[in-house]
Amino acid sequence: PLSLGVLSGPALGQTDRHPPRPMPPIIGLGIVLPDPALIPIRLDAVKIDAQVHGNQAITRLELVFFNPNARVLEGELQFPLLAGQQVVGMAMDVRGALREAVPVEKAKGQEVFEDVIRQKVDPALLEVTQGNNYKLRVYPLEAKSSKRVVLRLLETLPVREKEILFRLPMSYASKLPQLDLILKVFGSQTKPEAVGGALGNVLFARKGEVYEATVRREHFSAQGGVLEVRVPVPERASVSTQTYEDKTYFRAEFPVPPVKPVKRQLPGKVALYWDASGSGAQRDKAQELALLGHYFKAMEQGTVDLIVFRDTPEKPQTFQVTAGDWTALKKYLESLPYDGATSFTGLTLPPGSQEALFFSDGLENLGAQSLPDFGVPVFAVSSAVSADIGPLRQMAERSRGRLIDLKRLTEAEAQQRLLMSVTELSELSGDGHVSELLAESRWAEDGRFLIAGVVSAQGGTVKAAVTQPGKKTPMTVEVIVPPVAVSGGSLAALTWARFKLAELDAQYGLKRAEIRRLGQLFRVPTRETSLIILDAPEDYARHDIDPPAELAAEVATLRSQMRQVRTREETEHLER
């Protein structure tokens, strides 16, 4: 098979308004061919349709590949996504028309894919490998022919200096025959600003309640280019609703009054958990050690119990921090070898520890053990591109700690999350017409909270109790949820599903069935469900997979015929 690898997006250079910051990984075209005589697969066209709704964006990415060889190939595309990014849909060209993927249980999807490949028909399979890593398999890439593949990505956008930042890497090919880009920004009161780099001027125009920009380029070369869209943060709450499968979901963003962060009191004894498994070698240890240096400088005096773990945890070792000096501990961490598997089983809190620092990518490959509950605040730190951020966030936030994703944050932002107290969402409640309330985070990381839930036909009211640093009495924020769908509501159901799946994933070993049910209901890939595209209606009927809408009637007829045949065969068998 042909393997399509991953290229990481370059860091965006410093501008006069924003400091350098990490870029998300992108789907690239690092190509490994099974035969040196083969010609590399060519990317002929890219079409991007991106919509920004508040601090969330959904991006439709259409890629047209061309196989210049005289033989059929299978394509495999592996790519990681950052925290807050998720694949929420896929489609592929089948006999000249795009066909949407449908959800299937993961093990069954692999079995069906291998079965239909043997029949030399057109399947595609998208599955979660581990954490936020995905694998897309496409067959066949016909000789001298093109194949069109569509991916849809949902992501939460960072907010800096009162601007929502949406970044689109443009590194697709040294020369791309055709690039089409459509950008839509919903709900903004002022015109967004786009810095296009190699794209040149990208100008937005008002169309009703939406700002829209359209770009077309031919023979486009943009290796290393990044398009950045800056949207002013709305000063008031925004709410949208969406009806999906007989339920109405809502998503609500609301700002909180700006309050200066307060330095938190660091404990005198802390437990430091350090993942030294094989996958830990991929983490950015320089970033992690720099962050630890700021922590111990603020701590000044204290005791650190170090627990190094791989497939099993090592015996804790004790180090002293004196006047912010942690040289002995740093040298020990720098000398650690990285090998073996990862398991969270057996991790316990040393006696007397008042806080835990947990450095890991969160990827466990020995069983499905949930991350431990230490009973003290946990600050989970990840610096790996391939990481299982969801469970790390859940472990940290249920302990009233923080997740610190060094691939998404600047150095200053990471320090603030580790060393400062910020506004906290302490409680969510409703008036009886809203239910199943979930929040992306309990912390106002960007001066705003994003929540989602289910609302009745009458509409309802959400009450959020918000505790500000340095103040003992929470303030109450009310958000009115309308009874009917309003503009920009296309992300409400997916937002709720993403929050719910992240909550369940933290207890994966216990919640596998519910994860599977939600993955199938919302048609998204999870650790228990994959997305599959089959060639013919007979394939869906034979493997008992629910088809896309355009094939539903034909597949229902085929299933009925198959049941009649089975019934007749069973009757004849019993008679014999």
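Residue numbers start at 1 and run along the sequence shown.
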Does either side chain, that of [X] or that of [Y], offer a donor lying less than 3.5 Å from an acceptor on the other one?
X	Y	result
E411	H294	yes
T248	T243	yes
Q415	Y295	no
Q56	R251	yes
T529	R523	no
S279	Q282	no
T156	E440	yes

### Results of side-chain hydrogen bond (donor to acceptor under 3.5 Å, both in side chains) for S383 - residues two or more places apart only
E288
### Query
Who are the side-chain hydrogen bond (donor to acceptor under 3.5 Å, both in side chains) partners of Y244, not counting sequence neighbours?
none
## Note on the structure
Value for CG (L126) from CE (M92), rounded to nearest 0.5 Å, stands at 12.0 Å
### Task
On the 0 to 90° scale, with breaks at 30° and 60°, tag the H53-F186 ring pair as parallel, tilted or perpendicular.
parallel
### Query
Just wondering, more than 12 heavy atoms not from R206 lying within 6.0 Å of its CZ?
yes
### Greater than 12 external heavy atoms within 6.0 Å of K47's NZ
no
### Query
Taking D505 as the fixed residue, which of R516, R527, K511 is the one that meets the salt bridge (Lys or Arg N to Asp or Glu O under 4.0 Å) rule?
R527
### Query
Below 4.0 angstrom, N of the basic side chain to O of the carboxylate: do D405 and K407 qualify?
no
### Task
May I ask you to say whether R448 pairs ionically with E253, meaning some side-chain N is under 4.0 Å from a carboxylate O?
yes
### Message
Ring of W274, cation from R283 - is the NZ or CZ under 6.0 Å from the centre and inside 45° of the axis?
### Response
yes
### Message
A cation-pi test, strictly: NZ or CZ of K285 under 6.0 Å from the centre of the six-membered ring of Y338 and no more than 45 degrees from its axis. Yes or no?
### Response
yes
### Message
Tell me whether S399 contacts the main-chain N or O of A396 through its side chain, where contact means a donor paired with an acceptor under 3.5 Å.
### Response
yes
### Message
Going by side-chain contact (heavy atoms from CB on, under 4.5 Å), F358 matches just one of L272, V378, L403, D275. Which one?
### Response
V378
### Query
Can you name the residues that form a salt bridge (Lys or Arg N to Asp or Glu O under 4.0 Å) with K247, not counting sequence neighbours?
E436
### Query
So, do L425 and V466 sit near enough that their side-chain heavy atoms are less than 4.5 Å apart?
yes
## Note on the structure
Minimal heavy-atom distance between F449 and A444, with the atoms involved, is CE2-N, 3.4 Å
### Message
I'd like to know whether the aromatic ring centres of F379 and Y273 sit less than 6.0 Å apart in this structure.
### Response
no
### Task
Take T342 and L363 through the side chain to side chain contact (heavy atoms under 4.5 Å, CB included) test and state the conclusion after the steps.
CA-CA 7 Å; T342 308; L363 297 173; 5.9 Å; no
### Query
Which residues pass the side chain to side chain contact (heavy atoms under 4.5 Å, CB included) test with R60, sequence neighbours left out?
D49, E62, L98, V150, R152
### Task
Just jot down the side chain to side chain contact (heavy atoms under 4.5 Å, CB included) partners of R400, sequence neighbours excluded, or say none.
E424, R442
### Query
Does any pair with a residue in residues 379-389 pass salt bridge (charged side-chain N to carboxylate O under 4.0 Å, His left out), and if so which ones, sequence neighbours excluded?
none
### Message
Under the criterion side chain to side chain contact (heavy atoms under 4.5 Å, CB included), I'd like the reasoning laid out for V195 against V229: C-alpha separation, chi angles, the key distance, then a yes or no.
### Response
CA-CA 6 Å; V195 181; V229 179; over 6 Å; no
